[in-house]
Structure formats: structure tokens, C-alpha cells
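Notes for the one structure printed next.
What you see is a predicted model; the values in this text were computed from it and never measured.
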Amino acid sequence: MANHELLVGQNQDLLLQQNQYGEIGHNANFVLSRNHDLIRTEPIRDVDLVIRPTNGYDHKLATCRTHTDDVALSHDNVHDFDENGFDMDQIDYPGVEEDCAGVEKHDDQVLDVEYHEFGLHDGTELTLVKNQDLSDMELNQEMSIGPLSYMFSQHLQMTGGAPVLQQRALVAVTNHELTVGKEFPDVHSCRRALRDAAIALHFEIQTIKSDKTRFTAKCASEGCPWRIHAAKLPGVPTFTIRTVHNEHTCGGITHLGHQQASVQWVADVVAQSIKENPHYKPKEILEEIHRVHGITLSYKQAWRGKERIMATVRGNFEEDYRLLPQYCDMIERTNPGSIAKVYVDPVDNCFQSLFISFQASIYGFLNACRPLIGLDKTTLKSKYMGSLLFACGFDGDGAVFPLAFGVVNEENDANWMTFLAELHHLFEINAENMPRLTILSDRQKGVVDAVEANFPTAFHGFSMHHLVDSFQKEFNSSLLTNLFWEAAYVLTCVDFKKKLIEIQAMSPEAATWIQNIPLRFWATAYFEGTRMGLLEANIVECLSAWIAEASSLPIIQMMECIRRQLMTCFNERRETSMHWESDLVPPAERLVSEAYEQACTYQVFKAKESKFEVHCPNEGAFVVDIRTRSCYCRGWELSGLPCAHAIAALLSCRQNMRKFTETCFTVASYRKAYSQTIHPVPDKALWKEMTEQFPNGHNDAEVIIKPPKLLEQPVRPKKRRARTETVGRAKRMVHCSRCNQTGHFRTTCTAPI
């Protein structure tokens, strides 16, 4: 270009976003704000152009990527910039050396050309300050392309004209030119290209004819001559544009919506953003589309577009149910000894329940955990809803130890019975003798009946977490709630009665409510089994991070997410225990140390080899039997850790107090609990190949499982309420025009004529 003048041609379009400014800065700074595009036939994406003075002596053309700032310059010597060829310090294109030499040879001038036409959509005018002298630029000026954050930090910019207000942000980052002879792989690609061009250039199209061999469309505006026709080439699926009339007389659309902005278009636009961030909200999608494309959509369109992309990312819900038999087979192959079973309705093969327990969990529970199981459930948030059932143990550290998982179409008595029957079968095939278990659950009748039917010898207790929630709903008093907790924790019947008297004095109704629940199910003083100090099984709260991430996924992906969390948890706890140096796990070591400090002040009298009398200041005397590991305070047998009285007796006969704890509290048992590994499951694309290569003789994989039937949520019946203004008003008497009688209309009259 002669004398290196920056000219704005007659047919060039300057596209501006709403409330953006075209600015001419001080000392010949020409600034293009965000989404301001100079568009010619070769668009260059993601570049901003800023001309500003520097103190250097070299002429540099630098670039920096942004998201939506696009500049495309075209002159007599057109330079094709490769989309991925930008460098942070220079732009390499054919002829760059000649251009740099030309810049050094000639004076740099930027002339403001008057009376040039700028093509703006919706009839927007651009006002420029006339005769703005920008010719004082020196040779040491630097042409740089920088991010907006840098441009707006410069305080040398001055507004060179009135602001240009435009309702739309026009982004032409791709070439939407439709010319005769342009080819597309198929008719769908042709439609997509035309749709994208209409949205980018802000006009709507109306389809005249669309089939497998031809496609014809015109501008939706009445009287506009724009029209296009594409047809299929013979012998190949390729479509090509045959005729096109590119001129518009309508001036584009004037509203903020767009006919071609369909759900599929929304999905195509935000596909990459959702894949990078699956938690991308529909509200954020709406904001991005309005900011980038200037289109206002409904929330439902954004939500459906996201769901369409998520279906491709996470898979199909129906497909996951169909693959459940293969998934169960893969779990048993990759984790030998594990149990994975799926149950269906024998009538229509609809899904009913899924039971999964990994061999590592079974081994760890039977060999190293407390003989205590907690039952809990949570509601799923996926397409077909359902519930997730848990059966968890507790390790020596007091942490939840997941034993078995169950997915059911709905939480009911039958599904709880099936789940606990599988849990009972698990112990039968993995343990020589059924362990004497203590099971904690809520007061749901279906759970109580299922526990009694499948574990008749187990001690069943109610979780205090659920009892306290019900108590607080009935009696909204923190003081009463604290007394309720204290009554549950006391170890002797005498102390329990004292607490109950305190509650009775504050609220007789609360005391009656507590006594209506059988004490053997929740009060430590009356409980027949051993809780090891655990009165609540708030499993859902402990596993909330796992559930929140997985509850909305298809069933196989949900179970895979839980399996990965469980696999990682086992490994982390295994590695953490390697740093422990004491004989007991940290919580048990702390409790024993505190009891030891108290025991040092006690006086011990030996009755015989294993029985002692321990005198405590202000507490009285307690009898301790180290052979049966019992104390009159009941602390030793109920918690599994020696109480202060027992430690005093053990110290008097020079015994190691840590050896008289339950084995589940030792570090060796803790490491044994997590010694087994939960192995990964291969991708579903490999399942068929592995099944064919190593058949197991089962025909379960041939069963096609259908999704569960969606349950209709109960609807509150509508009530006919009398209006306030009609209360007490006499009813209007109706009159029949046929028989001249009152009480009915002509249409309902039955009197003879």
C-alpha cells in the first residue's frame, strides 16, 4: 500500500457491539474495542489491532490471543495468516520481509478518509471526527496487537467521535460466504452452513424445499430477493450450491431473537465450553450467547442444548440400563470375589434393582472393621430418579467403610428386603460363621422388617441422627435436644433415669415422646449389643461429596464414579496409615492417653488374679475384671477401649493397657482393612471383545434391560374455596325460559311441553 496509509475501503464493514466505541487515541492510537471487527474476505480470528507510540527503534508486529476480538485487514497485497501460526513476538506470513522493509523505507502515515461508507446492520450510522490529523507518527512507532486488558489500561486514549450504539455484537470469525460451486459433504452440512451464515449475518431464512437431493431457501423478510439453491451431485453424497442471489434489501432482522437459533445450534455453540466445564449453567450459556452473538434465547433452550451435549459426553441413560449385565460381568472379572447382580421385572424386563459389593470391601470388613453396619439411602437426581442404598461399616478410626451399594427404582419394602437378602448372602459365602452384628438404621418399617427377616440374631438399633431430626421437628428446643443426646450416651440405667427426670421437668410431652420409642433400640444403657461408641450412622453426610458428583449421571457412570472414589479412598487411607507409629489408631490412642491420666489418681485393691477394686475420688468404688474385660461403669465393654478404672487395674499388675483394646482399634487391623485393592474396570468399548475372548458361560449379558418406569409424583388435589366477597351473599336464583320455573336452565329442562 502506497506510503503505508491505513485506508478504510468503501465496501468494508465495521461491526460494533452495543454501547461500544470506535476510538482514536492520543498520539495516533487507533483502538478497536471488544468485538469490534474489520471484516474483509480473509478473516483472522482472535486478534485485536492497536496502533500506539513507543520509545523503541524497531518496528514490531506482535500478537496476543483473545477470545472474541477479531481483526481482518485486506489490501492490494493480501496476506493469508495461518490460523494456528501466530507467535507472541511476530507474525510470519508470505511477504513479511518486504512489508517490514517498506515500513522502514517510507514515512508511516494514517490518514482519516472522509466520506467513506461503512456498512452497518440495522441502519446504524458511524460518526467520525473530520480532518483528524494522524500524520505525526514517527518511525519509532510500534504496531502491536494486544489483549483488551492491556488496551484499557492505557490512559492516553481519547474519544475521536460520537459513540456508535448497536443492539447486536456481530462476530464473523469464520467465512460464511456462500458462492456458486461451494460444496458440502451432505445436505445436513449444507443446512448447518446456511444456518450459521444466517445467524452471523443477522437475517432469517425460510426453507422452500428440502429433501435428499435438493435444498432451496429464501430470506424470510417479505420482498427481499435473497435466495439460494443447492443440489446433490450425481453419484456422490456431495451437495453444491447451484444458484445464489446474495443481495439483501431487507436490512436484516430488528429483534433480538432468531428463527435459526435452535436447540441444536445452542448445543453446537457451547459444546466445547460444556466439555471443559460440565457444571456450566444454562444461565451462563444464555449470557455467553447474548454477549457473543447478540441473540436472546429462553432458559429452556439453553437447558435443552446443554442436555444434548451432556448426553454425548456422559452417554445415554437407556443405553446404560441395557449394558448393566455386561457391567456386572466386568466387575466380577476385574475384581474376583466381588458380587454384582441386577434384578429386572420378569414381565417386561424393566430395571428393578442393582447390588454391588467389591471383594476389597468384603475382606476389609470381615477381618478388620468393627462388627457394626449402618444402613442409609439417598434420592437420585438422574432422569429416571430412583434411590441409592448403602450398607457401610466403620473402621478403627471411626470413618465410614463402604461395604455394599444398591440402586433401586424406588425405595420400598420389597427393595429393602432384596438388598438385605443379598447382604446376608454376602456374609454366608465369605465368612465361616455369621458374625454377631449390630445394625443401625432409621425407624422405617420396611427396614425394620427386612433386618429382622435376614439378620434375626443381629442387634438392631436406631440411628440417633434420624431420631434427633424427628425430635427437633416435634419440639423445637435446643436444650431438650441436648438432654436427649445425653440420655442416649449415658452408660447406666441409673444415669439414664436421671436424665429422663430432667426432661420430664422441662416438658412432659417430650418425655412421653421419648418413652414411646423402645429404649433397647437407641439408649446405650439399655442396648443389648455393642455400638463401639457410635450412636448415629450419618452415612449420606459422610459420602456427600461422592453422591453430589454421581447422583445425576446414568447408572453405570454413577457406579463407576463411586468405584473410582472408593478406589482412591482405599489407597489414600492405606498410605496415610503407613506414617502412624503408635500401636493404636490416633483417636483410640488419644482416648486411652486421657484415661491413663485419670487412672494415675486412682487407688487399686487386688481381690484375686483378674479382679480388682478401684477407688476414685468423688466417684466411689468400681469393680474391674481384666479377664472378662468388664467394669461396673460399662465403659470398657461398650466402647471396646479400657476405661480409666480398667487402666488403673492394668497398671497395678504391670500389664500393657494397649493390648487390652479391641483389635479393630489397632494400626495393624486398620492397614489390613485397606490392604486389598479395588481394581479399575475397562471402558465399555472393550467389554464385548473381552466377553468373546474369555466367555464365562453366563447368559445374563444377553438380557436386554429396559429403564424403570417413571413414577408419577403425587399431585395435591385442588380444593374449591369460597371467595371472600361471596361469603354470606344470597345465591342468584336461575330461571328457565322454557317452562317458566326456577332452579334450572332451558338446556337442562325436562318438563313436558
Side-chain angles (χ1 to χ4, degrees), residues 343 351-357 371-382 384-394 400-427 437-475 481 484-485 488 510 512-524 526-529 531 534-544 546-547 551 708 711-714:
Y343 293 88
F351 171 82
Q352 280 189 336
S353 62
L354 172 71
F355 180 88
I356 292 178
S357 181
L372 185 67
I373 293 179
L375 303 177
D376 210 342
K377 86 283 184 180
T378 185
T379 303
L380 300 178
K381 301 177 182 178
S382 60
Y384 292 96
M385 303 300 288
S387 297
L388 181 62
L389 310 182
F390 301 93
C392 295
F394 300 89
V400 171
F401 186 90
L403 176 60
F405 302 93
V407 183
V408 295
N409 56 348
E410 62 174 323
E411 186 195 0
N412 53 32
D413 297 350
N415 283 330
W416 270 115
M417 187 68 70
T418 302
F419 180 73
L420 291 179
E422 285 295 335
L423 190 64
H424 181 268
H425 178 66
L426 178 151
F427 290 118
L437 298 173
T438 297
I439 299 177
L440 301 180
S441 70
D442 59 10
R443 289 192 299 164
Q444 184 177 335
K445 187 177 185 303
V447 179
V448 175
D449 294 341
V451 170
E452 291 179 356
N454 293 283
F455 297 93
T457 61
F459 301 104
H460 189 197
F462 294 153
S463 173
M464 281 297 297
H465 175 74
H466 300 284
L467 291 180
V468 169
D469 285 345
S470 301
F471 185 81
Q472 286 179 331
K473 292 177 182 178
E474 191 74 21
F475 309 98
T481 302
F484 188 23
W485 276 108
T512 303
W513 188 94
I514 292 174
Q515 289 176 325
N516 287 336
I517 306 173
L519 301 180
R520 62 186 179 87
F521 285 110
W522 62 275
T524 303
Y526 293 91
F527 191 73
E528 298 175 358
R531 291 196 176 196
L534 291 175
L535 297 185
E536 53 180 337
N538 51 342
I539 298 171
V540 173
E541 287 77 2
C542 296
L543 304 180
S544 59
W546 299 11
I547 301 169
S551 62
L711 302 177
E712 294 184 0
Q713 297 295 328

Aromatic ring pairing F475/F471, orientation class (parallel under 30°, perpendicular over 60°, tilted between): tilted

Nearest heavy-atom neighbours spanning S357 and A404: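 Residues S357 and A404, closest heavy atoms: CB-CB, 4.0 Å.
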
Considering all heavy atoms, the nearest I439-A458 contact: CD1-CB, 4.1 Å

Stepwise ring pair (Phe, Tyr, Trp, His ring centres under 6.0 Å) check, F484 with W522: CA-CA 11 Å; F484 188 23; W522 62 275; 5.1 Å; yes

From [atom1] ([X]) to [atom2] ([Y]), nearest 0.5 Å:
X: M464; Y: L534; atom1: CE; atom2: CG; answer: 13.0 Å
X: E528; Y: F521; atom1: CD; atom2: CZ; answer: 9.0 Å
X: D376; Y: H465; atom1: CG; atom2: NE2; answer: 7.5 Å

Derivation of the side-chain contact (heavy atoms from CB on, under 4.5 Å) call for T378 and F390: CA-CA 9 Å; T378 185; F390 301 93; 3.8 Å; yes

Residues D413, D449; criterion side-chain contact (heavy atoms from CB on, under 4.5 Å); working and verdict: CA-CA 8 Å; D413 297 350; D449 294 341; 5.5 Å; no

Main-chain N/O of D442 paired with S463 side-chain donor or acceptor, under 3.5 Å: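 Between the backbone of D442 and the side chain of S463 there is no qualifying donor-acceptor contact (under 3.5 Å).
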
Test item: T438 side-chain N/O and L372 main-chain N/O as donor-acceptor pair under 3.5 Å: no

Partner of N415 by side-chain contact (heavy atoms from CB on, under 4.5 Å), out of V407, L420, V408: V408

